[in-house]
Amino acid sequence: MKAIVDCNSFYCSCERLFRPDLRKRPVVVLSNNDGCIVSRSDEAKNLGVPMAGAYFQARPIIQQHNIAVFSSNYNLYGDLSWRVMETLRSLSPMVEVYSVDEAFLDLSHVPVDELEAAALHIRHTVEEWTGISVSVGVAPTKTLAKLANYIAKKNKAASNCIKVLATPEQLAPALQSTRVNNVWGVGRAFANKLINQGITSAWELSTMPEEWAHRHMGGITGVRLIRELKGIPAIDLEEPLKVKKMIATTRMFGEPVGDIGSIKEAVATYTTRAAEKLRRQHSAAKVISVFIVSKEQDHMIDFHHGPSISTHITLPIPTSNTQELIKPAVDMVDQLFTRGKEYKKAGVMLSGLVPDESIQGNLFVSQEKNNNRFLMDILDNVNFSMRGDILKFAAVGTARNWKMRQELHSSRYTTRWDELFEVR
DNA sequence: TCTGGGGTCCTAGGACCC
DNA sequence: TCTGGGGTCCTAGGACCC
């Protein structure tokens with residue numbers, strides 16, 4: 001058996017933890033740049049605030065109901081996420097951290113008639129140790145555990161925030177009552193296709209033959225989905241510490257930018273951040289891609305797929321050195337930039353990742369290379385211990401007139417001494 | 001006026017080879 | 001008139017997730 005543990009309205013719960021006055025008040029948290037709504041408390045959901053809706057569109061309803069609004073505070077969420085995951089690791093021999101607010105747990109050591117008690121124990125322990133409330137779904141496969149979790153969350157009062165789907169008698173009604181678009185792995189495109197063919201429930205989908213899934217639902221991915229729904233594990237729990245195959249840092253600008261100097265500063269900054277992520281997992285990158293997105297006039301039409309233009313280069317030797325990455329990245333901006341146009345977003349992607357062999361001093365590379373790596377380590381250590389950019393490269397600039405908007409930021413209660421929560 | 005920022009996996013199709 | 005049959009590798013792009 002597998003469990004998925006999912007924090008309830010995670011970002012909102014984090015904000016509430018240090019603001020007891022908000023316990024009963026509806027809360028929402030905004031994405032970067034204060035663009036759209038990415039987390040809603042139950043009260044905000046019930047008032048009809050849409051998920052992933054644009055903030056400016058939801059503003060009337062937010063004001064009308066006196067909903068508390070926060071810019072996203074990733075320092076805080078990251079730290080609380082770590083506490084939740086550490087708690088889970090003490091409860092199960094195998095934990096796969098799936099996202100900032102979710103983890104899969106292996107419960108194969110728990111007898112079937114004790115699953116309910118185990119799920120409840122997990123929930124209570126996390127809440128007691130971290131103050132974050134969670135929902136727990138338990139089932140034979142990851143996809144069914146997600147489905148169980150979905151049911152638990154839909155009616156928290158009835159479910160006690162846990163749902164176990166272990167026997168055929170438990171599974172059949174759950175599958176029958178779940179619409180196909182709420183199944184994990186069925187997105188908008190597939191959902192429309194399925195509904196057009198008269199397949200509307202998870203149950204109906206689970207009865208489809210595998211060849212059919214292979215033809216109509218993205219090949220092998222569709223076959224796995226059907227198997228998982230039937231209770232046959234097809235997606236395993238992943239080992240921890242998976243090394244990423246691609247690293248990206250991309251951001252919207254606070255406001256449209258028309259001068260190439262600012263865009264270069266932004267790209268240099270994003271490259272710096274991406275290189276840090278690269279070194280953290282002891283990788284070096286062979287390929288650097290840069291893209292910029294121009295400000296669209298008619299952004300009401302599918303703003304996610306704006307006219308982005310991109311280019312990439314392949315380095316002669318893979319590197320994790322910030323200086324060696326910044327230079328080509330910034331040069332690529334010259335190729336992409338058109339004078340007179342305004343841009344709203346830029347991004348840097350590092351791919352073709354290989355293990356970085358010169359992490360410790362290496363006999364077989366030049367002294368100069370080892371020194372560079374040493375410099376990078378010092379830089380990372382200083383910046384990490386200070387939790388911020390204390391040391392920077394000149395190319396990132398200091399004016400930062402492209403940086404994102406964050407007007408409603410809460411304090412970094414758990415990672416900054418000077419922002420500690422005060423009790424009088 | 002104002003719409004996020006990461007990631008993964010898979011497939012199709014082109015280039016190239018013998 | 002007539003135009004093989006495999007392979008492999010790479011890239012772009014679609015679909016999905018939170």
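This is a predicted model, so every value here is computed, not measured. Labels below follow one simple rule: chain letters A, B, ... track the order of the sequence lines, proteins then strands, and each chain is numbered from 1.
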Residues from residues 187-200 of chain A sitting under 4.0 Å of DNA chain C, heavy atoms only?
A:G187, A:R188, A:A189, A:F190
Min side-chain heavy-atom separation A:L22-A:F70 under 4.5 Å:
yes
How far does the P atom of B:dT3 sit from the matching atom of C:dC18, given to the nearest Å?
25 Å
Do A:S108 and A:D106 have side-chain atoms, one donor and one acceptor, less than 3.5 Å apart?
yes
With heavy atoms under 4.0 Å as the rule, sort A:N33 into base, sugar-phosphate or nothing.
nothing
Could you tell me whether the side chains of A:T415 and A:D79 share a donor-acceptor contact shorter than 3.5 Å?
no
For the backbone of A:K45 and the side chain of A:R40, can you confirm whether one donor and one acceptor N or O come within less than 3.5 Å of each other?
no
Its contact letters, B for base, S for sugar-phosphate only and - for none at protein heavy atoms under 4.0 Å, make nucleotides 6-12 of chain B read SSSSSS-
How many Å lie between CE on A:M252 and P on B:dT1, as a whole number?
16 Å
Taking A:R227 first and then A:E210, would you say they form a salt bridge - that is, a charged N and a carboxylate O separated by under 4.0 Å?
yes
What is the nucleic acid contact for A:V97, judged by heavy atoms within less than 4.0 Å: base, sugar-phosphate only, or nothing?
nothing
C:dC18 phosphate, OP1 or OP2, under 4.0 Å from A:K146 side-chain N/O:
yes
Report yes or no: is the cationic atom of A:R339 (NZ for Lys, CZ for Arg) closer than 6.0 Å to the six-membered ring centre of A:F337, at no more than 45° off its axis?
no
Distance-only polar pair, side chains of A:T322 and A:R279, donor-acceptor under 3.5 Å:
yes
Does a side chain donor of either A:E15 or A:Y77 reach within less than 3.5 Å of an acceptor in the other side chain?
yes
Distance-only polar pair, side chains of A:S135 and A:N8, donor-acceptor under 3.5 Å:
yes
For A:V100, which contact category applies under a 4.0 Å heavy-atom criterion: base, sugar-phosphate, or nothing?
nothing
Base paired to B:dT11 (Watson-Crick or G-U; both N/O distances under 3.5 angstrom):
C:dA12
Classify the nucleic acid contact of A:D34 as base, sugar-phosphate or nothing, counting any heavy atom under 4.0 Å across all strands shown.
nothing
Just checking A:Y55: base, sugar-phosphate only, or nothing, at a heavy-atom cut-off of under 4.0 Å?
nothing
Which whole-number value in Å describes the distance from A:K345 NZ to B:dG4 C1'?
7 Å
Strand partner of B:dC17, provided both Watson-Crick or wobble distances fall under 3.5 Å:
C:dG6
